[in-house]
Amino acid sequence: MTEIKELLLSRIRDVADYPTPGVMFKDITPLLADPAAFAALTDALADLSVRSGATKIVGLEARGFILGAPAALRAGLGFIPVRKAGKLPGATLRQAYDLEYGSAEIEVHAEDLAAGDRVMVIDDVLATGGTAEASLRLIRRAGAEVAGVAVLMELGFLGGRERLVPALDGAPLEALLTV
């Protein structure tokens, strides 16, 4: 696993002062452009999903789609997009959550998750944990069970793990990298 972590970390580019001064943005586009690194990431996320007993993978908009869809395909699981409110046609379940300044909402098609589903949530980054926490509430409201959360990178200094662990209710939180 150390080799994979080194490969992934070597393909993540730091961009200073983006999107605002003082922020060090972690750009994953070089990782996605490298087929070996992207395949290693996909394999790692698929393996975590299979080991958790997941039957479906939820990807959080938008980079969670990029990581979650190929992991679901590799693992032989269904993929469910969780979108920002107002982006899905038809009947949806919606979940509001608080941001640092204001609030937001996410939603999923009502028929995509059901009792008996075990759902792994995949995203690129765990920052403050608000979106991930809202996705767990949404999954449970749909009658499904949370199998866990897997992210490429955890920004440990933002405290997302501390916020998310109680909402996981014993399900694992796996970060391939912690920065």
Side-chain angles (χ1 to χ4, degrees), residues 1-13 26-83 106 108-109 112-140 142-156 158-179:
M1 190 63 157
T2 301
E3 264 182 51
I4 292 172
K5 287 182 179 191
E6 288 174 8
L7 173 63
L8 298 177
L9 198 53
S10 75
R11 300 304 189 273
I12 296 171
R13 178 175 57 145
K26 300 292 187 182
D27 181 13
I28 68 167
T29 58
L31 187 157
L32 300 174
D34 180 328
F38 194 17
L41 173 59
T42 299
D43 288 344
L45 293 172
D47 183 57
L48 289 171
S49 299
V50 169
R51 283 193 285 127
S52 74
T55 59
K56 291 185 178 170
I57 289 177
V58 153
L60 303 181
E61 188 167 345
R63 289 179 300 268
F65 298 173
I66 297 169
L67 304 184
L73 185 61
R74 183 76 45 94
L77 305 174
F79 176 77
I80 311 297
V82 168
R83 304 284 321 260
I106 55 173
V108 66
H109 276 131
D112 287 348
L113 296 171
D117 287 331
R118 285 187 45 81
V119 182
M120 174 64 83
V121 176
I122 291 181
D123 205 1
D124 66 329
V125 173
L126 174 62
T128 62
T131 307
E133 181 183 32
S135 74
L136 300 181
R137 283 193 238 126
L138 195 58
I139 289 164
R140 290 186 178 114
E145 183 181 341
V146 173
V149 173
V151 296
L152 164 60
M153 197 174 4
E154 178 180 350
L155 305 180
L158 291 177
R161 181 173 291 270
E162 290 76 21
R163 177 179 183 168
L164 197 54
V165 165
L168 282 163
D169 195 29
L173 169 56
E174 302 280 354
L176 299 177
L177 304 170
T178 301
V179 295

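Numbers here are sequence positions counted from 1.
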| query | Just wondering, do Val149 and Leu126 contact through their side chains at under 4.5 Å, heavy atoms? | reply | no
| task | Show your reasoning for whether side-chain contact (heavy atoms from CB on, under 4.5 Å) applies to Glu61 and Ile106. | result | CA-CA 9 Å; Glu61 188 167 345; Ile106 55 173; over 6 Å; no
| query | Nearest heavy-atom pair of Val179 and Lys26: which atoms, and what distance? | reply | CG2-CE, 4.0 Å
| task | Search all heavy atoms of Pro30 against all heavy atoms of Arg11 and return the closest pair with its distance. | result | CB-O, 3.2 Å
| query | What is the distance from atom CZ of Arg163 to atom CG of Leu158, rounded to the nearest 0.5 Å? | reply | 11.5 Å
| field | Side chain proximity check, Leu176 to Ile4, heavy atoms < 4.5 angstrom | value | no
| query | What heavy-atom pair brings Leu7 and Ala37 nearest, and what distance separates the two atoms? | reply | CD2-CA, 3.7 Å
| Full working for side-chain contact (heavy atoms from CB on, under 4.5 Å) between Ile80 and Val119 | CA-CA 9 Å; Ile80 311 297; Val119 182; over 6 Å; no
| In this structure, which one of Leu31, Asp123, Ile28 forms a side-chain contact (heavy atoms from CB on, under 4.5 Å) with Met153? | Ile28
| field | Which atom of Met120 lies closest to which atom of Ala150, heavy atoms considered | value | SD-N, 3.7 Å
| note | Residues Gly64 and Phe79: closest non-hydrogen pair is O-CE1, 4.2 Å
| To the nearest 0.5 Å, what is the distance between CG (Leu9) and OG1 (Thr178)? | 10.5 Å
Solution key, residues 50-59 side-chain donor-acceptor pairs under 3.5 Å, sequence neighbours excluded:
from: Arg51; atom 1: NE; to: Asp47; atom 2: OD2; distance (Å): 2.9
from: Arg51; atom 1: NH2; to: Asp47; atom 2: OD2; distance (Å): 3.3
from: Ser52; atom 1: OG; to: Ser49; atom 2: O; distance (Å): 2.7
from: Ser52; atom 1: OG; to: Ala54; atom 2: N; distance (Å): 3.4
from: Thr55; atom 1: OG1; to: Arg118; atom 2: N; distance (Å): 2.9
from: Thr55; atom 1: OG1; to: Arg118; atom 2: O; distance (Å): 3.3
from: Lys56; atom 1: NZ; to: Asp112; atom 2: O; distance (Å): 2.7
from: Lys56; atom 1: NZ; to: Asp117; atom 2: OD2; distance (Å): 3.2

| task | Please report the C-alpha distance between Leu136 and Leu164 in whole Å, then the side-chain angles of each, then the deciding distance to 0.1 Å, and finally whether the side-chain contact (heavy atoms from CB on, under 4.5 Å) criterion is met. | result | CA-CA 9 Å; Leu136 300 181; Leu164 197 54; 3.7 Å; yes
| note | Rounded to the nearest 0.5 angstrom, the CG-CG distance for Leu113 and Leu138 is 7.5 Å
| request: For residues Asp169 and Val146, determine if any side-chain heavy atom of one lies less than 4.5 Å from a side-chain heavy atom of the other. | output: no
| field | Heavy atoms of other groups near Arg63 CZ, more than 12 under 6.0 Å | value | no
| request: Report yes if some heavy atom in the side chain of Leu152 is under 4.5 Å from a heavy atom in the side chain of Leu177; otherwise report no. | output: yes
| Minimum-distance pair of heavy atoms, taken over all atoms of Phe38 and Leu67 | CE1-CD2, 4.2 Å
| Thr29: partners by side chain to side chain contact (heavy atoms under 4.5 Å, CB included), with sequence neighbours left out | Arg13, Asp27
